[in-house]
2 protein chains.
Amino acid sequence: MAAQRPRRQPTLDEVAERAGVSRSAASRVINKAPHVSRATRDAVERAIKEMGYLPNRTARALATQQTGIVALAVSHDDPELFADPFFAQVIVGVSAALEETDLHLLLCLASSGRGRSRLTNLLHTRGVDGIMLMALHGDDPLTHIARRAGLPTVYGGRPLNFEPQWYVESDNLGGARLATEYLISLGRTRIVTIAGPMSTDVGRARHRGYREAMIMAGLTPYATAEGDFTETGGAAAMKTLLDSHPDLDAIFAASDNMAAGALRVLLDAGRSVPADVAVVGFDDLGIAERTDPPLTTVHQSVQALGKEMTRMLVELIAGHEPPSIILPTKLVLRDSA
Amino acid sequence: MAAQRPRRQPTLDEVAERAGVSRSAASRVINKAPHVSRATRDAVERAIKEMGYLPNRTARALATQQTGIVALAVSHDDPELFADPFFAQVIVGVSAALEETDLHLLLCLASSGRGRSRLTNLLHTRGVDGIMLMALHGDDPLTHIARRAGLPTVYGGRPLNFEPQWYVESDNLGGARLATEYLISLGRTRIVTIAGPMSTDVGRARHRGYREAMIMAGLTPYATAEGDFTETGGAAAMKTLLDSHPDLDAIFAASDNMAAGALRVLLDAGRSVPADVAVVGFDDLGIAERTDPPLTTVHQSVQALGKEMTRMLVELIAGHEPPSIILPTKLVLRDSA
DNA sequence: GTCCAAACTGGAAGCGCTTCCAGCGATGTT
DNA sequence: AACATCGCTGGAAGCGCTTCCAGTTTGGAC
């Protein structure tokens, strides 16, 4: 058996000939355009069925100037970062939304310079109809690339270097506030936070939520240590906090990963959770259920994020101007607080 | 600000005109074809630079009959299944390999009937140059879809309903044997296995490795319970085994997820690991380091799997006939055995 | 029976690129 | 000096589809 080479598919011309009509008539039938008589439609449809005709995507794309493909670009320095279940969830959401359209998903892990230039090229050569951008830290080069391309663009989470017109994000501020208020309602007062990187909007928003809740309650934000959203980072931050503020009685961690790291350090230090120290995380992407004790956390629906991004992009491509969206978050109570 | 509509890009004709040469000459320069004089090349290259020209992907695709896109299709009934870090790792590997080519990645989560018919359509409309298939159970409809399409196809792991000519897989048989032999070398004799679904090649191969190792050592395969590769499934299988063979002294689990589930059940049952019962898993995708105790397991390089699949597909598209590949696995010693 | 609008039709011109081929002048051979 | 050879060139024919437009047919109104 030889390598499978593409079989030749019938063309529109052949269909038209078989049906005894012109190519334009056949095209009209296929695109369900008006001005087609019953007889013509039937003849063409029969020919299509008999020949197993399917229109060539590329040819159609060239004629219509629409590729039928949208890109999801993920920025990540470290390939491992993509292994975060967060991305898998986004992709599931995006795919679900795309199933209701004729669009397909092109996934771009634009890490290295090479990856970025490939993405730039893809956009400028009109390889896709639109683009979704995820996980942008500080001033990610991807934002510039996307803006220069002049294609419909939707952001998942806001970048820090400018205010995009179209984005979808979880209510980070509200979620953080919710978490902190809950800790306060438990009677805790020496509440510290393990924040995300201040070079990201997510990190800043969740930190602001913590501060606002504390101040609203008449408490002073007790202490902050910055992490990088990872478990290791969370553990390191926890150690710092335990050193500087040994009397802390609650922690709001800006991600479950960091909360998991903190949990470990706390137990190692002999503190019991939640008795001595209450812990609340953020994300609720599976890890939260598996920590010991299971983590009380702020739930965000990442699949919904992907879905809404996609819907928004579809609207943009259709020439509409949908509003940006902020998705609600909610507190999920488990055992750590 | 209005929705960003694609800007008009310069065309090859415009470049040629500016350079004062014919379109064919300009095309030759761009494609680094022979028969181009120094003067022509310089003129065209200057024009390209000045106008910021980039060839239109779709037009080129139509002329060359090559889209520059390959599909990675993942079969999954449950969207959650895609959240398994396994897929993320495959994608990272695939992306890394694609960076060395001009190809882009189209991701297809072909779950529902709708998803599958979209994939079928994509293939038959020549939307991609080749396809990689993952995670095929039993007789997955995707195999038929792929075969009928007549496009270069590479399988990640072998499907069960036929023997594909091009596939990449981890050495499941060898890895399982390795794990079992190790348990035997520890002096264990009442070794049971929590197998993967017998409706998958992976499940069968790993089970066969266990049996072979036992028999080679003069032991009888002590007991088997079938799981579904998930933690819950592993826990259930463990309970069954503990009931039927309370004196078991070692377990080979065909996935780390199942091993993790088993571990929990064992500890709940008051068995200590590894003192009373030794446990070895399979996969080593991060979970293994986080169980309690950390899991001794068979490591497979999933990124390498993705990379090799991609390289193989690239070869196929180029018209070559590369050999199939079996990737080595290795035992990683931690604390559970 | 005439006339007009509406419905349909096919020809032709794109979409932007690659590639074949005949033609050209400039070299190198006897 | 005549000839074949070579490298280069631009014209033209695709790739397979959409869509505009002018022309033809049809049916209904008068």
Side-chain angles (χ1 to χ4, degrees), chain A residues 6-45 47-48 51-69 102 121-122 124-129, chain B residues 6-45 47-48 51-69 102 121-122 124-129:
Chain A
R7 276 195 277 290
R8 206 178 155 293
Q9 296 267 137
T11 70
L12 184 56
D13 274 309
E14 290 162 12
V15 169
E17 182 172 43
R18 173 146 191 162
V21 301
S22 74
R23 184 179 4 158
S24 14
S27 176
R28 268 178 235 123
V29 171
I30 287 163
N31 296 308
K32 304 195 192 309
H35 306 305
V36 177
S37 72
R38 185 60 198 259
T40 302
R41 177 186 326 285
D42 287 350
V44 173
E45 279 173 353
I48 288 178
M51 310 178 73
Y53 171 78
L54 279 175
N56 179 302
R57 219 161 241 279
T58 307
R60 179 178 288 199
L62 183 59
T64 61
Q65 304 282 57
Q66 293 262 305
T67 61
I69 301 177
D102 288 325
N121 185 271
L122 179 74
H124 282 92
T125 55
R126 308 277 98 132
V128 295
D129 294 338
Chain B
R7 277 195 274 290
R8 204 180 157 292
Q9 297 266 137
T11 72
L12 184 57
D13 274 309
E14 291 162 12
V15 168
E17 182 173 43
R18 172 144 190 164
V21 301
S22 74
R23 185 184 359 164
S24 13
S27 176
R28 268 178 235 124
V29 171
I30 287 163
N31 296 308
K32 305 196 192 310
H35 305 307
V36 177
S37 71
R38 183 62 197 260
T40 302
R41 176 183 326 285
D42 287 351
V44 172
E45 279 173 353
I48 288 177
M51 309 178 73
Y53 171 77
L54 278 176
N56 180 301
R57 219 161 242 279
T58 307
R60 180 179 290 201
L62 182 58
T64 61
Q65 304 282 59
Q66 293 263 304
T67 62
I69 301 176
D102 287 325
N121 184 271
L122 180 73
H124 282 91
T125 55
R126 306 279 100 130
V128 295
D129 295 337

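Being a predicted model, the structure only gives us computed values, none of them experimental. Residue numbers begin at 1 in each chain, while the letters A, B, ... track the order of the sequences.
Nearest nucleotide to the B:Ser27 side chain, out of C:dT19, C:dC17, D:dC17: C:dT19. Candidate nucleotides C:dC8, C:dC17, D:dG16 were compared by shortest atom distance to the side chain of B:Thr11, and C:dC17 ranks first.
Annotation for A:Met51 and A:Arg18: closest pair SD-CD, 3.6 Å, computed over non-hydrogen atoms. For the pair B:Leu12 and B:Ala26, the tightest heavy-atom approach, listed with the atom from each and the gap, is CD1-CB, 3.7 Å. Heavy-atom minimum distance, B:Gly68 versus B:Asp129: N-OD2, 2.8 Å.
The phosphate of D:dG16 has OP1 or OP2 within less than 4.0 Å of a side-chain N or O from B:Gln65. The side chain of A:Asn56 contributes no N or O atom lying less than 4.0 Å from OP1 or OP2 of D:dC15. Distances shown here put every side-chain N or O of A:Ser24 at or beyond 4.0 Å from the OP1 or OP2 atom of D:dT18.
Side-chain atoms of A:Val29 and A:Val21, non-hydrogen and from C-beta on, never get closer than 4.5 Å to each other. The shortest side-chain heavy-atom distance between B:Ile48 and B:Ile30 falls under the 4.5 Å cut-off.
Atom CG of B:Leu12 and atom P of D:dC15 are 19 Å apart (whole Å). One atom, CZ of A:Arg60, and another, P of C:dC17, lie 22 Å apart when rounded to the nearest Å. To the nearest angstrom, C1' of C:dC17 lies 15 Å from CD of B:Gln9. Distance CG (B:Asn31) to P (D:dC8): 16 Å, rounded to an integer number of Å. In this structure, A:His35 places its NE2 atom 16 Å from P of C:dA5, rounding to the nearest Å. Whole-Å rounding puts the B:Arg23 CZ to D:dC15 P distance at 15 Å. Nucleotide C:dT18 holds its P atom 13 Å from the CD atom of B:Gln66, rounded to whole Å. Here D:dG10 presents its C1' atom at 15 Å from CD of B:Glu17, a figure rounded to the nearest Å.
One can find a donor-acceptor pair under 3.5 Å joining the base of C:dG10 and the side-chain atoms of A:Arg28. Taking 3.5 Å as the limit, the base of D:dG16 and the side chain of A:Arg57 contain no donor-acceptor pair of atoms between them.
B:Thr58 comes within 4.0 angstrom of no nucleic acid atom, judged by non-hydrogen atoms across all strands.
Taking for each of B:Leu62 and B:Gly20 the nucleotide of DNA chain D with the nearest heavy atom, the 5'-most of the two is the partner of B:Gly20. Map B:Pro34 and B:Thr64 each onto its nearest nucleotide of DNA chain D; the residue landing nearer the 5' end is B:Pro34. In terms of position on DNA chain C, the residue among A:Ala25 and B:Pro55 whose nearest nucleotide sits closer to the 5' end is A:Ala25.
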